[in-house]
Amino acid sequence: MKHLLCFLSVVFVFFCCAACGEKKDSDALVVGTNAEFPPFEMRGGANGNEIIGFDMDVAREIAAKNGKKLIIEDMKFDALILALNSGKVDMVFAGMTVTPERAKNVDFSIPYYKVTQIVLLKQGDEAKIKNIDDLKGKKIAVALGTTGDSVASTLTPADKIIRFDSVFEAILELKNSKADLVLTDEALGEILHARNPDLVRIDLPFEDEYYAAAVKKGNQSLLDQINASLTSLKNTGEMEILLERYFSE
Ligand code: ARG
């Protein structure tokens, strides 16, 4: 009996420590993002280095509803799902497209935004690209681990895909003539196009993509909160207003 009690207390202490290690602050809701994706997440605000954007507004609202403070963990995009599943973050808001592959590892919220991939290339090159097949064999710059990366992989050999941590770096590669084109999500592509009038945007019939937040598989209570917040933002029209505001920044 004594041994059993001793064993049980060791197990108890072990689990407590494991739990403490996983979540340091139970008053906090931790969102994982990659703040290089305006208008959904980017650095800006009063001091220029705050992480702002549509996704962060929704995340903050969910934290407030739960009576928790929001902690934002900024990391590489391709590290987000791992961070979610290891308990480093509670949810991911990162303009993340729902894909069947990702849905095997996380639970997605209701979708909140629809995009498609677009092509950005240098002025003068536009005549060469009339349809998706014309992208085959081209040097394509993308952000690592994104849907742009997956689409590029279906079009061009692996050694012709140039992967960066952000689309901003991919654009530099294009401007330096080291890539033929950039493949990126439409919302960010639109902003980049506006900032770089020397680039041309080409729309091709790529598949529609839907953004959703992600939680660890089975975290239904948080998923319900996220869905409720997204639904209310949509129904009140606030979502449109917020996005417009961030697009025009
Ligand atoms: N929608 C694309 C994807 O899910 C790109 C998202 C990039 N988001 C970011 N915060 N960098 O792969």
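Start at 1 with the first residue, then count along the sequence. Indexing begins at 1, ligand by ligand and atom by atom, following the structure's order.
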Which atoms of ligand 1 have any heavy atom of [X] under 4.0 Å away?
| X | answer |
| --- | --- |
| Thr97 | 1 (N), 2 (C), 3 (C), 4 (O) |
| Glu41 | 10 (N) |
| Met96 | 4 (O) |
| Asn34 | 9 (C), 10 (N), 11 (N) |

ask   = Are Asp55 and Tyr211 linked by a side-chain donor-acceptor pair shorter than 3.5 Å?
value = no
Atom [atom1] of [X] with >12 non-hydrogen neighbours under 6.0 angstrom:
| X | atom1 | value |
| --- | --- | --- |
| Lys178 | NZ | no |
| Lys234 | NZ | yes |
| Lys76 | NZ | no |

ask   = Between Phe77 and ligand 1, does any nitrogen or oxygen pair lie at a separation below 3.5 Å?
value = no
key: N or O pair under 3.5 Å between Thr146 and ligand 1   = no
Report the part of [X] in contact with ligand 1, treating N, CA, C, O as backbone and CB onward as side chain, heavy atoms under 4.0 Å; options are side chain, backbone, both, neither.
| X | result |
| --- | --- |
| Thr147 | both |
| Tyr211 | side chain |
| Gln117 | neither |

Tell me, which protein residue and heavy-atom name are nearest [atom], and how many Å apart are they?
| atom | result |
| --- | --- |
| atom 5 (C) of ligand 1 | Asp185 OD2, 3.6 Å |
| atom 6 (C) of ligand 1 | Gly95 O, 3.3 Å |
| atom 8 (N) of ligand 1 | Ala94 O, 2.8 Å |

task = Would you check if the distance from the ring center of Phe77 to the ring center of Phe37 is below 6.0 Å?
result = no
Looking at [X] and [Y], would you say the former's side chain and the latter's main chain have a donor-acceptor pair under 3.5 Å?
| X | Y | value |
| --- | --- | --- |
| Glu126 | Gly124 | yes |
| Thr236 | Ser232 | yes |
| Thr116 | Phe206 | yes |

note = Value for OG1 (Thr147) from CD (Gln117), rounded to nearest 0.5 Å, stands at 4.5 Å
query = Are Thr33 and ligand 1 in contact, using a heavy-atom cut-off of under 4.0 Å?
reply = no
